[in-house]
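So the structure is just underneath, and the comments pick up after that.
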Amino acid sequence: MAKALSSTLQRRLATGARQAARRAYAPYSKFRVGAAVLAGSGKVYTGCNVENASYGLCNCAERTAIFTAIAAGEERITRVVVYTPTATATTPCGACRQVINEFGPGAGVLCLCDSDETIETTLDALLPAAFGPAQLQSE
Ligand code: THU
C-alpha cells in the first residue's frame with residue numbers, strides 16, 4: 001500500500017497536471033492531457049501530450065512526464081496524476097500503463113477532470129499480471 005501523501009504534495013501534483021494540460025500540443029485530436037508524476041527524490045515532474053502530423057508518433061502526457069523525470073536522473077515514480085479538461089476523468093492508455101509499470105509498479109494513479117469525478121486507483125489494478133523487468137531476469 002502506497003504511503004499517504006501530504007495535502008501540499010497532492011495539490012502540487014494536481015496543479016502541475018492542470019498547468020501542463022495548457023501546454024498540450026494536440027492540434028489533431030484537440031484532446032488536451034496533463035500529467036504530473038512524483039519521483040523517488042520527492043520532486044514533481046510534469047508533461048503534456050505532444051502530437052505529430054504522423055499520428056503514430058503522438059506522445060501521451062503521462063509518458064512525457066515520466067520520460068522527463070527519468071531524463072533528469074530519477075529512477076522511480078510513486079504516483080501519477082492525470083488531468084483532462086473534460087466532464088469525465090481519463091485513465092492512462094495501455095502504453096502508458098506499461099511505461100508506468102517500468103518505473104513505478106506500485107504507483108498510485110489519480111485521474112482528475114473538470115467535474116467532481118475522480119478515479120483513484122493503482123497501476124496494479126490498471127495493469128494486473130504485468131510484464132516487466134522481472135520477467136527478463138527469470139530463466
Ligand atoms: N492521451 C494522453 O495524453 N494520455 C492518455 O492516457 C490517453 C491519450 C493523448 C494522446 C493523444 O494526443 C490524445 O490524447 C488523443 O488520444
Side-chain angles (χ1 to χ4, degrees):
M1 190 60 184
K3 204 173 74 173
L5 294 188
S6 71
S7 54
T8 311
L9 203 42
Q10 300 205 50
R11 248 195 323 273
R12 275 179 49 209
L13 284 160
T15 304
R18 281 175 191 277
Q19 288 178 344
R22 293 199 214 127
R23 298 189 288 272
Y25 176 73
Y28 307 108
S29 72
K30 317 267 192 244
F31 190 75
R32 294 172 167 269
V33 187
V37 298
L38 178 61
S41 70
K43 287 189 188 163
V44 171
Y45 297 85
T46 63
C48 58
N49 52 331
V50 182
E51 298 188 345
N52 193 280
S54 177
Y55 297 166
L57 300 182
C58 294
N59 203 64
C60 291
E62 297 91 323
R63 279 178 286 148
T64 305
I66 293 167
F67 295 158
T68 300
I70 300 306
E74 301 287 351
E75 294 177 351
R76 313 292 306 155
I77 56 162
T78 57
R79 189 158 176 86
V80 179
V81 175
V82 184
Y83 164 76
T84 48
T86 52
T88 55
T90 300
T91 55
C93 79
C96 290
R97 294 177 194 197
Q98 184 68 30
V99 171
I100 296 168
N101 182 67
E102 187 78 16
F103 302 107
V109 178
L110 174 65
C111 309
L112 304 171
C113 63
D114 282 346
S115 74
D116 287 342
E117 182 183 303
T118 60
I119 299 172
E120 168 89 72
T121 184
T122 61
L123 192 271
D124 191 47
L126 292 172
L127 191 66
F131 174 82
Q135 276 68 46
L136 296 178
Q137 274 146 30
S138 62
E139 290 172 38

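Predicted, not measured: the structure shown is a model, and the values here were computed from it. Note that these values count all heavy atoms, side chains included, but never hydrogens, waters or copies made by symmetry. When a residue number appears, it is its place in the shown sequence, counting from 1. Every number for a ligand or one of its atoms is a count from 1 in the order of the listing.
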Any salt bridge (charged side-chain N to carboxylate O under 4.0 Å, His left out) pairs touching residues 117-129, not counting sequence neighbours?
Arg79-Glu120

Answer yes or no: is there a side-chain heavy-atom contact under 4.5 Å between Val80 and Arg97?
no

Which residue pairs pass the ring pair (Phe, Tyr, Trp, His ring centres under 6.0 Å) test with at least one member in residues 93-122, sequence neighbours excluded?
none

Check whether any side-chain heavy atom of Gln19 sits under 4.5 Å from a side-chain heavy atom of Cys48, and report yes or no.
no

Is Ile66 reachable from Leu127 through a run of I, L, V, M, F, W or Y residues, each pair having side-chain heavy atoms under 4.5 Å apart?
yes

Residues in ring-ring contact (aromatic ring centres under 6.0 Å, His included) with Tyr55, at least two apart?
Tyr28

Amino acids contacting ligand 1, non-hydrogen cut-off under 4.0 Å:
Ser29, Phe31, Val33, Asn49, Glu51, Cys60, Ala61, Glu62, Thr91, Pro92, Cys93

